[in-house]
Undergrad: 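First the structure, which I've put down as structure tokens, then a few questions once you've had a look.
All values below come from the heavy atoms of this structure, side chains included, with hydrogens, waters and symmetry mates left out. The chains referred to below are lettered A, B, ... by the order of the sequence lines, with proteins before strands, and numbering in each begins at 1.
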Amino acid sequence: MRLPPQIYEFVSILLLLAIGLKGGVELAKQPFLTLVPDMLAVIVMGFALPVLAYPVLLQLGKFKRADAASIAAHYGSVSVGTFAVAVAYFGTIEVFYEEHLPLLLVLLEVPAILIGILLARGFSNQTKWSSVAHEVFLGKGIVLLLGGLVIGWVAGPEGLTSVEPLFFDLFKGILAIFLLEMGLIASSQIAGLRKYGLFIVIFGIVMPLFSALIGCGLGLLLELSIGGTAMLAILAASASYIAVPAAMRISVPEANPTLSLTASLGVTFPFNVIIGIPLYLELAKVMHAFFKG
Amino acid sequence: MRLPPQIYEFVSILLLLAIGLKGGVELAKQPFLTLVPDMLAVIVMGFALPVLAYPVLLQLGKFKRADAASIAAHYGSVSVGTFAVAVAYFGTIEVFYEEHLPLLLVLLEVPAILIGILLARGFSNQTKWSSVAHEVFLGKGIVLLLGGLVIGWVAGPEGLTSVEPLFFDLFKGILAIFLLEMGLIASSQIAGLRKYGLFIVIFGIVMPLFSALIGCGLGLLLELSIGGTAMLAILAASASYIAVPAAMRISVPEANPTLSLTASLGVTFPFNVIIGIPLYLELAKVMHAFFKG
Amino acid sequence: MRLPPQIYEFVSILLLLAIGLKGGVELAKQPFLTLVPDMLAVIVMGFALPVLAYPVLLQLGKFKRADAASIAAHYGSVSVGTFAVAVAYFGTIEVFYEEHLPLLLVLLEVPAILIGILLARGFSNQTKWSSVAHEVFLGKGIVLLLGGLVIGWVAGPEGLTSVEPLFFDLFKGILAIFLLEMGLIASSQIAGLRKYGLFIVIFGIVMPLFSALIGCGLGLLLELSIGGTAMLAILAASASYIAVPAAMRISVPEANPTLSLTASLGVTFPFNVIIGIPLYLELAKVMHAFFKG
Amino acid sequence: MNTSDQYQRKIVTIVTEAAIETQLSKDLEALQATGYTITDARGKGSRGVRNAGWETSGNIRIEVICDTTLADKIANYVKEKYYKNYAMVIFMSDVVVLRPDKF
Amino acid sequence: MNTSDQYQRKIVTIVTEAAIETQLSKDLEALQATGYTITDARGKGSRGVRNAGWETSGNIRIEVICDTTLADKIANYVKEKYYKNYAMVIFMSDVVVLRPDKF
Amino acid sequence: MNTSDQYQRKIVTIVTEAAIETQLSKDLEALQATGYTITDARGKGSRGVRNAGWETSGNIRIEVICDTTLADKIANYVKEKYYKNYAMVIFMSDVVVLRPDKF
Ligand SMILES: Nc1ncnc2c1ncn2[C@@H]1O[C@H](COP(=O)(O)O)[C@@H](O)[C@H]1O
Ligand SMILES: Nc1ncnc2c1ncn2[C@@H]1O[C@H](COP(=O)(O)O)[C@@H](O)[C@H]1O
Ligand SMILES: Nc1ncnc2c1ncn2[C@@H]1O[C@H](COP(=O)(O)O)[C@@H](O)[C@H]1O
Ligand code: NA
Ligand code: NA
Ligand code: NA
């Protein structure tokens, strides 16, 4: 039992657009310039996380350089599926979070890819940056999220009432279908687990915990709300399984793609969805209580 | 004009999940153990119907053994499309039926397949039961119906409010699309009709009438409501066109697949949807009035 | 970024059915015979528009006979996407239009194709009219629009409440997805623009303006409301990019298909959607004020 | 395998526009081909890029197994009828089949 | 290219019902084929039109590259096991490969 | 058919990861191939099972018709550039074409 690939793609497209639209509508309510510090900070985080993960993968994991770089890039970037689950969850339990988080999601997709390539190649001239840029910026994820953001921004809440039934009312149903398929895909990665062994499992759980801590810390620094802090932790903790694998396959072909997919899709995605999201919310609460008093 | 096959598949998936979820939610309201007698009785019916059909097909129909066995299996199993139409119809005219009927639907899918193989092969060692089981239990139909039942059961009515827009509000619209495509497929079976002649047409109408009688009788025995009795008659009368053909093609390859599909899809499916469903409801009313007073 | 083709097809199917259903429901409210004059008039317009466009394309455009005939046929026929946008737009700004316009849409699809073939071939015996008819009348567009009309007519408003969530509530969301994909397709036609040059661009803008005038005039003659007049102008101004290209490719294969697609999809479609629709509504208002006082 | 079970035939492969699938199938049947196999394809040639994105803008790839005489007949017929106006490529090669009566 | 880098192999192509893809793949692995390539197909043959419209009513087209011995073995095995009850066509031809160790 | 209308060419077939379709197409154009035909595929080889389930995890099957020189050039270039890091199989065979100017 698998969803036809075209349906899976359609469902992803709807989710990406919905998240973008939702974010765009909210974004319109506040002046753009006030967001610039958050945006810059998050980009720095996107560069920092893979740089921190890389030596661990190289030294402790004993991975080849290309593999270590590729896995690091996966964990520096984000998973839209994980974010969508968090959006649905926070909606249900009515936790507020800042409206520009979808924008931060978009920003976090890219830096990790650049760092991943640099870690694997150094500043080599061989990398065709133009085709990497093409691959990344014209990829489904960024085009649809950004497109949704801009449309939502321009149209505003009233402008979107007419598409609400498709993009907002159906959101959770569509997310359910998406998760069903993701579960099937993730479970097909378990064979890989057996092969690459314990380190991948441990890394796939410890790395998101560590990233969530950093995300929480950054959320506090940026004075986000509890929900916003938790969301930033979730973004930090999530690992890419669409944009980064595609980019790495082309830019760092000697990296083994099943290795990184096994980690991000077979371990970290289910961990985050089932345990991570509520955990990071608790973490945000505790840290807020502690630091903000 | 045909629906793209992936869309047809998606629409089936949505229907199967919706029926499962609906059933699961209702199921949660009553203790599971009280259902066991109904479940067992229905399984017995699933074994009995093909056994009754087989000699008729062999003697009167003059079919080869494999063909008789395969057609018998089709009519012992069920059609989810027919059930979905009945669900929509009973919803519109507000007829109550017991909430565990989707569970009985799932149970009825399987026995007929086993009997079909046994009728064709005897207790031969050649049958690879493991791959038959794999085919049947991991098939789309059972996985999604059972999955939906379990999820609906666990989540309960409140848990499902957020996916209602997709699975419940859109149910009839999606069913309409599904029926459109089924009508196109069914009409493409008419060529087969001309070839296999009158017996197939007669069998395709008389067999469901006979099965509906048995279904009604069983409904009375199990003390189901009028709606539940009618639904059981509908299940009995419906013939499989997805799970059984796939299983027979692999397990009884010498049976001619267009023969059984012509009967179940070209004759019985439209007959049940247009004439059968309201007819079996009337039958249930009459029999209830007669036997229950 | 492109929608999977099967999704694009599904989205078109939903739009066609929704327009048909909507029209059918409304149509049921009035006696059919009163519509006959409008229907005949519109068919005449469908024959006239390509006949008027053809010499211009031949003389001014310096196109080969086959190309001129094919382009003329595209502009005599209609674009369902453009009509759908107009339906959504008129709905939002609450402009009334006669309920039989979807019927006129269906009628306008066909005559231009016949004329296009005649212009290219003369009354040659070589044309396989039977296969042209098959192609046209069994094409997706006509089957679904007509099917929707008939179902809506028979079922009436109450009969359709149960499929409303899919076909009516989601209409604008689905239209948005459709337009997204159309935009991507249209922009891929721009390469063609550069190749075929200025004349195509001018023709692609002037022809719809001219057709809109004729459509408005006819609307006044038929005593349609302002909205109905504008809708007829929109139908006249829109150019086919589905039914006609498919029919021409088979019946007039020596015509260059990218030439006509570039014009209708790359120029006229975006022009109509962005500028044309509100413009033609203004035109209808002005002409109504002028002629009806 | 006993070589006496193996028979020489030709396979004619036609790559062309999806729009003419119905017509071409009818032609093949009229020419008495015993069968054909079709797969969806995309590609590039002298008439530019063709992919399945836009309705009938995709290609199909048709294979027909038959004897040499029919192979030549098919190739020539299709060439005459479609080459001028449609994106199309035809090529042939040798194959060995197991059941000569089928082709 | 240095001809010493080119090696003769066979390619066995099987066109058959999509329903038996899993079984057939297992058979090929059991027969020690080093790999196979599958594409979805539709077509017409002695068992009538087969297209992908209805669930398992489509065809698949399987290619296996291997040496002559294995090619004959595969063709014969598949023929014995499936020919009678399934829509199926098998044909073979010569190919040249670059890395002989792979096949 | 008059044999003087038939010309010998090669067909190079590459089965590889869908992820490199764009790059590979550019390579073929740079190498001056007059065209190519692509079909979606799945399969199994030394790098395990590859099917179209997960985004770019599917295969493509590319065919190029050309003369022997170009065929060798393409095969060698693609082999050098991609063999090491990508799932890939390349094979060649003889075909007869009708219009020699096209290839
Ligand atoms: N040299 C070639 N090798 C393989 N396929 C080709 C070649 N040239 C053309 N084709 C295929 O044939 C179709 C039509 O070719 P053309 O008529 O040259 O545009 C293209 O879209 C390709 O799929
Ligand atoms: N002569 C032929 N040339 C090419 N493909 C064929 C031919 N005959 C049959 N096929 C293919 O093989 C499948 C099964 O053939 P059959 O068993 O003859 O029905 C058909 O559906 C076609 O896809
Ligand atoms: N012996 C073979 N015959 C046919 N196709 C093969 C064979 N080996 C590999 N392939 C195809 O080539 C792809 C890549 O092969 P590999 O690099 O060996 O994993 C596989 O996914 C198959 O589609
Ligand atoms: Na991350
Ligand atoms: Na039954
Ligand atoms: Na028009």
Undergrad: Heavy-atom distances under 4.5 Å only: say whether F/I60 touches chain D with side chain, backbone, both or neither.
TA: side chain

Undergrad: So which heavy atom on F/T39 is nearest to which on D/A41, and how close?
TA: CG2-CB, 3.6 Å

Undergrad: Under the side chain to side chain contact (heavy atoms under 4.5 Å, CB included) test, which residues partner D/T68, sequence neighbours left out?
TA: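 Side chain to side chain contact (heavy atoms under 4.5 Å, CB included) list for D/T68, sorted by chain: D/K10, D/D72.
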
Undergrad: Which heavy atom in F/R99 sits nearest to a heavy atom in D/M88, and how many Å separate them?
TA: NH2-O, 3.7 Å

Undergrad: Given a strict heavy-atom distance threshold of 4.5 Å, which part of F/T37 is in contact with chain D: side chain, backbone, both, or neither?
TA: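 When you check distances to chain D, atoms from both the backbone and side chain of F/T37 fall under 4.5 Å.
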
Undergrad: Which residue out of D/T13, D/V89, D/T69 racks up the most heavy-atom pairs below 4.5 Å with chain F?
TA: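 Heavy-atom pair counts peak at D/V89.
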
Undergrad: So what's closer than 4.5 Å to chain D heavy atoms on F/I65: side chain, backbone, both or neither?
TA: side chain

Undergrad: What's the spacing between F/I38 CD1 and D/R61 CZ if we round to 0.5 Å?
TA: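 If I round to the nearest 0.5 Å, the distance is 12.5 Å.
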
Undergrad: Under a 4.5 Å heavy-atom cut-off, does chain D meet the side chain of F/R9, its backbone, both or neither?
TA: neither

Undergrad: Among residues at least two apart in sequence or on other chains, which ones pass side chain to side chain contact (heavy atoms under 4.5 Å, CB included) with D/Q23?
TA: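 Scan of D/Q23 (side chain to side chain contact (heavy atoms under 4.5 Å, CB included), adjacent residues dropped) gives C/I250, D/K81, D/Y82.
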
Undergrad: Tell me, for F/E21 versus chain D, whether the close heavy atoms (under 4.5 Å) come from the side chain, the backbone, both or neither.
TA: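 F/E21 touches chain D through side-chain heavy atoms alone.
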
Undergrad: Looking at F/I11, F/V96, F/D94, which hits side chain to side chain contact (heavy atoms under 4.5 Å, CB included) with D/F91?
TA: F/I11

Undergrad: Quick one: CG on F/L98 to CG on D/N76, what's the gap to the nearest 0.5 Å?
TA: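 Spacing of CG (F/L98) from CG (D/N76) equals 6.5 Å.
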
